[in-house]
Amino acid sequence: MEIALMEETHVATCFLENQGKILLLRRSGQVGSYTQRWAGISGYIEPGHSPLTQALQEIQEEAGLSQPEVRLLKEGLPFEVIDATLGKKWVVHPFRFHVKHPGKIKIDWEHSECKWIEPEEIKTFQTVPGLYEAWERVK
């Protein structure tokens with residue numbers, strides 16, 4: 001399949017950070033793609049939303065944290081991830097947020113578990129495509 005014919009989908013990917021560690025979440029069997037893979041908090045950027053607005057909405061939905069409970073540390077430059085199997089070109093908009101009170105995080109149905117890890121450990125997990133590159137852009 002030619003890349004030009006691939007469906008282009010913009011997504012926000014958020015890393016939550018506390019005391020030098022980041023939160024990885026395992027995608028549940030109920031999500032539409034990359035089930036059981038590890039990821040940050042992520043979601044499609046809806047029409048009319050800025051990437052940052054979408055990032056904050058996803059954090060609210062998937063981690064139960066409101067905007068005052070997180071602080072934006074860095075917004076990385078977007079990049080493309082090609083998935084020929086799905087026929088998709090993902091345009092990833094990466095973010096890193098500090099979480100003031102990690103004990104308040106409550107994951108929703110989109111994830112089956114979560115772990116706080118050292119950032120370099122991302123490489124040892126089976127992740128969604130491009131997750132380490134997303135981290136590299138916001139570290």
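Keep in mind that this is a model prediction, so the values were computed, not measured.
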Can you check whether [X] reaches [Y] side chain to side chain, under 4.5 Å on heavy atoms?
X      : Y      : result
Leu24  : Cys114 : no
Lys115 : Trp38  : yes
Leu56  : Phe97  : yes
Pro102 : Trp116 : yes
Ile122 : Phe15  : yes

From [X] atom [atom1] to [Y] atom [atom2], the distance as rounded to the nearest 0.5 Å:
X      : Y      : atom1 : atom2 : result
Ile82  : Met6   : CD1   : CE    : 5.5 Å
Gln57  : Leu52  : CD    : CG    : 11.5 Å
Glu75  : His93  : CD    : NE2   : 9.0 Å
Ile59  : Phe95  : CD1   : CZ    : 9.0 Å
Leu131 : Glu136 : CG    : CD    : 11.0 Å

Would you please say whether a donor-acceptor pair under 3.5 Å links the side chains of [X] and [Y]?
X      : Y      : answer
Glu113 : His111 : no
Tyr44  : Glu58  : no
Ser66  : Glu69  : yes
Glu17  : His98  : no

Measure from the side-chain N and O atoms of [X] to the backbone N and O of [Y], and report whether any donor-acceptor pair falls under 3.5 Å.
X      : Y      : value
Gln54  : Val11  : no
Lys100 : Pro68  : yes
Glu133 : Gly130 : no
Asn18  : Val99  : yes

Answer yes if [X] and [Y] sit in the same cluster of Ile, Leu, Val, Met, Phe, Trp and Tyr residues linked by side chain heavy atoms under 4.5 Å apart, and no otherwise.
X      : Y      : value
Val31  : Leu25  : no
Ile41  : Val128 : no
Phe125 : Val138 : yes
Ile22  : Val92  : yes

Classify the ring geometry between Trp90 and Tyr34 as parallel (under 30°), tilted (30 to 60°) or perpendicular (over 60°). tilted
One thing to verify: whether Glu8 and Lys89 come together as a salt bridge, which I'm taking to mean a side-chain N less than 4.0 angstrom from a carboxylate O. yes
Could you give me the CA-CA distance, side-chain angles and deciding distance for Glu110 and Arg27, then say whether salt bridge (Lys or Arg N to Asp or Glu O under 4.0 Å) is met? CA-CA 6 Å; Glu110 293 183 50; Arg27 294 171 61 80; 5.3 Å; no
Between Val91 and Thr9, is the side-chain contact (heavy atoms from CB on, under 4.5 Å) condition met? List the steps. CA-CA 6 Å; Val91 180; Thr9 304; over 6 Å; no
